[in-house]
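Notes follow the structure.
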Amino acid sequence: MALIRSSRRAARKSRPVRRGNGSNPNRSRLDLAIASAPFQFRWASAISKEEWAFYQRAIEAMQKSDVPFLLGGGFALAVFTGHWRDTKDIDFYIAPEHRDRFVAALSDAGFLDYYSRLPYDRKWIYRSVQSDVIVDIIWSMANQRAQVDDLWFQRARSVSIRRQEMRVVPPEELLWCKLYILQRDHCDWTDVFNLIYAKGAQLDWQHLIWRLEDDTPLLRAVLTVYAWLCPGAARKLPASLWRRLNMAKPAATSGALPRERIRLLDSRRWFAALQPLSEKLEI
């Protein structure tokens, strides 16, 4: 497996993987129930019993395929931020060559191709459905910028959600994909801001910049907005990040989150840092 931009394939294969602070083996198993704080909201319990039954069926079908897959989408975001939103779907990332195997596994579990209801682009995703619960298997970015490769799996960490053991998409790869979702009817930059706020100090920024190659202006743009959105939090990002991107480190502030700026982007409850763990995100 390799990225679509194959001119640097050899360099990528030889590059050592820097895991950053997030790869501490003592913290490799994330507790999705946030059990260390018993009075906090347990985001996994916010999923209805009916919906979880379908998610569990899909997870077990994927596991029976006996080839690796990664948990992504809203579930992965909840892993890293501790906040849940109703997604009505679950995303799994897979190696491109395993597509047919996973399609067969989901079909055997009773999931039907969503294409008959609503046509979709089959070049990067297989979308299945059962009782209006959507299960996506993804092997490429929608814009065909890159495919899932071996490093996704090498850098993934184990998670346990309702006693289901899985591995989750690395936060750097999750952020990488979401930087490109900037469409008229759908934008993932709110997810990017939440991810940076929650995990920015631990992210392997060097790895992300290496992934982006010539697309680092996207990262500069999102960090510019992030520094305006919450300058105090932006100052906590590694100084090496600002230097590498040739950007000025945000000026010192009182540290308080400027709520008026956050609401300017969307009046709904979208920014995780402002929401109690007892409430779901609205976007």
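In what follows, every heavy atom counts, from backbone to side chain, and hydrogens, waters and symmetry copies are set aside. Predicted model, so just to flag it, every value in this text is computed and none were measured.
Figure legend: cation-pi geometry between Arg244 and Trp205 absent, as NZ or CZ is not positioned both under 6.0 Å from the six-membered ring centre and within 45° of its axis.
Atom CG in Leu151 sits 11.0 Å away from atom CD in Glu172 (nearest 0.5 Å). Between the CG atom of Leu219 and the CG atom of Leu241 there is a distance of 6.5 Å, given to the nearest 0.5 Å. Separation of atoms NZ (Lys178) and SG (Cys187) is listed at 10.0 Å; rounding is to 0.5 Å. For the atom pair CG of Leu229 and CZ of Phe193, the computed distance is 6.0 Å after rounding to the nearest 0.5 Å. Here CD of Gln147 is found 13.0 Å from CD1 of Ile138. Values are rounded to the nearest 0.5 Å. The CG atom of Asp91 sits 6.5 Å away from the CD1 atom of Ile125 when rounded to the nearest 0.5 Å.
Between Phe92 and Ala58, the shortest heavy-atom contact is CE1-CB, 4.2 Å. Nearest heavy-atom pair, Leu71 versus Ala76, reported as atom, atom and distance to 0.1 Å: O-CB, 3.8 Å. The two residues Ala109 and Ala61 come nearest to each other via the heavy atoms CB-CB, 3.8 Å. Scanning both residues, Ser158 and Arg167, for their nearest heavy atoms gives OG-CG, 3.9 Å. Summarising the geometry of Ala272 relative to Asn194, their closest heavy-atom pair is N-OD1, 2.8 Å, with the distance given to 0.1 Å. In terms of heavy atoms, His98 sits closest to Pro68 at CE1-CD, 4.5 Å.
Judged by distance alone, with hydrogens and angles left aside, the side-chain atoms of Arg261 form a donor-acceptor pair with the main-chain N or O of Trp228 at under 3.5 Å. Not one N or O on the side chain of Thr216 forms a donor-acceptor pair closer than 3.5 Å with the backbone of Ile209. Counting only distance, with no hydrogens or angles, the side chain of Trp242 and the backbone of Arg235 share no donor-acceptor pair below 3.5 Å. Not a single donor-acceptor pair under 3.5 Å links the side chain of Ser131 to the backbone N or O of Val133. Counting only distance, with no hydrogens or angles, the side chain of Trp139 and the backbone of Lys123 share a donor-acceptor pair below 3.5 Å. No donor-acceptor pair under 3.5 Å is formed between the side chain of Tyr114 and the backbone N or O of Pro119. Side chain of Tyr120 to main chain of Arg127: a donor-acceptor pair is present (N/O by atom type, distance under 3.5 Å, no hydrogens or angles).
Remark: Asn246 CG is loosely packed, at most 12 non-hydrogen atoms of other residues, nucleotides or ligands lying under 6.0 Å away.
The closest side-chain donor-acceptor pair between Tyr115 and Arg122, if any, does not fall under 3.5 angstrom. Between the side chains of Asp100 and Tyr126, not a single donor N or O lies within less than 3.5 Å of an accepting N or O.
Counting heavy atoms from C-beta on, the side chains of Val168 and Phe80 come closer than 4.5 Å. You'll find the side chain of Phe69 stays beyond 4.5 Å of the side chain of Val148, heavy atoms only. Inter-residue side-chain proximity for Arg145 and Asp215 is flagged as met; some heavy-atom pair is nearer than 4.5 Å. Looking at Tyr180 and Leu212, their side chains come closer than 4.5 Å, going by heavy atoms from C-beta outward. Two residues are said to be in side-chain contact when any heavy atoms from C-beta on lie closer than 4.5 Å; Arg263 and Glu260 fail this criterion. Side-chain contact check for Pro171 versus Arg157: some heavy-atom pair is nearer than 4.5 Å. Residues Val67 and Ile94 form no side-chain contact, since every pair of their non-hydrogen atoms from C-beta on lies 4.5 Å or further apart. You'll find the side chain of Trp52 reaches within 4.5 Å of the side chain of Ile59, heavy atoms only.
Linking Ile, Leu, Val, Met, Phe, Trp and Tyr whenever their side-chain heavy atoms come within less than 4.5 Å puts Ile262 and Leu77 in one cluster. Criterion: ILVMFWY side-chain heavy atoms under 4.5 Å apart, direct or through other members. Under it, Phe153 and Leu174 are part of a common hydrophobic cluster. In terms of hydrophobic clustering, with Ile, Leu, Val, Met, Phe, Trp and Tyr side chains grouped at heavy-atom distances under 4.5 Å, Leu203 and Val222 are assigned to a common cluster. Hydrophobic clustering of Ile, Leu, Val, Met, Phe, Trp and Tyr side chains at less than 4.5 Å, counting indirect connections, unites Val103 with Val135. Cluster membership check: Phe54 does not share its hydrophobic cluster with Leu112, using side-chain heavy-atom separations under 4.5 Å among Ile, Leu, Val, Met, Phe, Trp and Tyr.
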Check the pair Met166, Met62 against side-chain contact (heavy atoms from CB on, under 4.5 Å), reporting the backbone distance first and the verdict last. CA-CA 10 Å; Met166 291 170 284; Met62 300 287 286; over 6 Å; no

Evaluate the side-chain contact (heavy atoms from CB on, under 4.5 Å) criterion for residues Gln56 and Arg162: first the C-alpha distance (whole Å), next the side-chain angles of each, then the deciding distance (0.1 Å), finally the verdict. CA-CA 9 Å; Gln56 186 173 23; Arg162 291 190 176 182; over 6 Å; no

Tell me, with the steps shown, if Ile181 and Val192 meet side-chain contact (heavy atoms from CB on, under 4.5 Å). CA-CA 10 Å; Ile181 312 300; Val192 171; over 6 Å; no

Test log, rule side-chain contact (heavy atoms from CB on, under 4.5 Å), inputs Ile196 and Leu223: CA-CA 9 Å; Ile196 294 175; Leu223 287 175; 4.1 Å; yes

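A salt bridge links Glu173 with Arg155: the closest approach of a Lys/Arg side-chain nitrogen to an acidic carboxylate oxygen falls below 4.0 angstrom. A salt bridge between Asp108 and Lys64 is absent, with no side-chain N of the basic residue lying under 4.0 Å from a carboxylate O of the acidic one.
Between Trp176 and Trp152, the ring planes lie tilted relative to each other; the angle falls in the 30° to 60° range.
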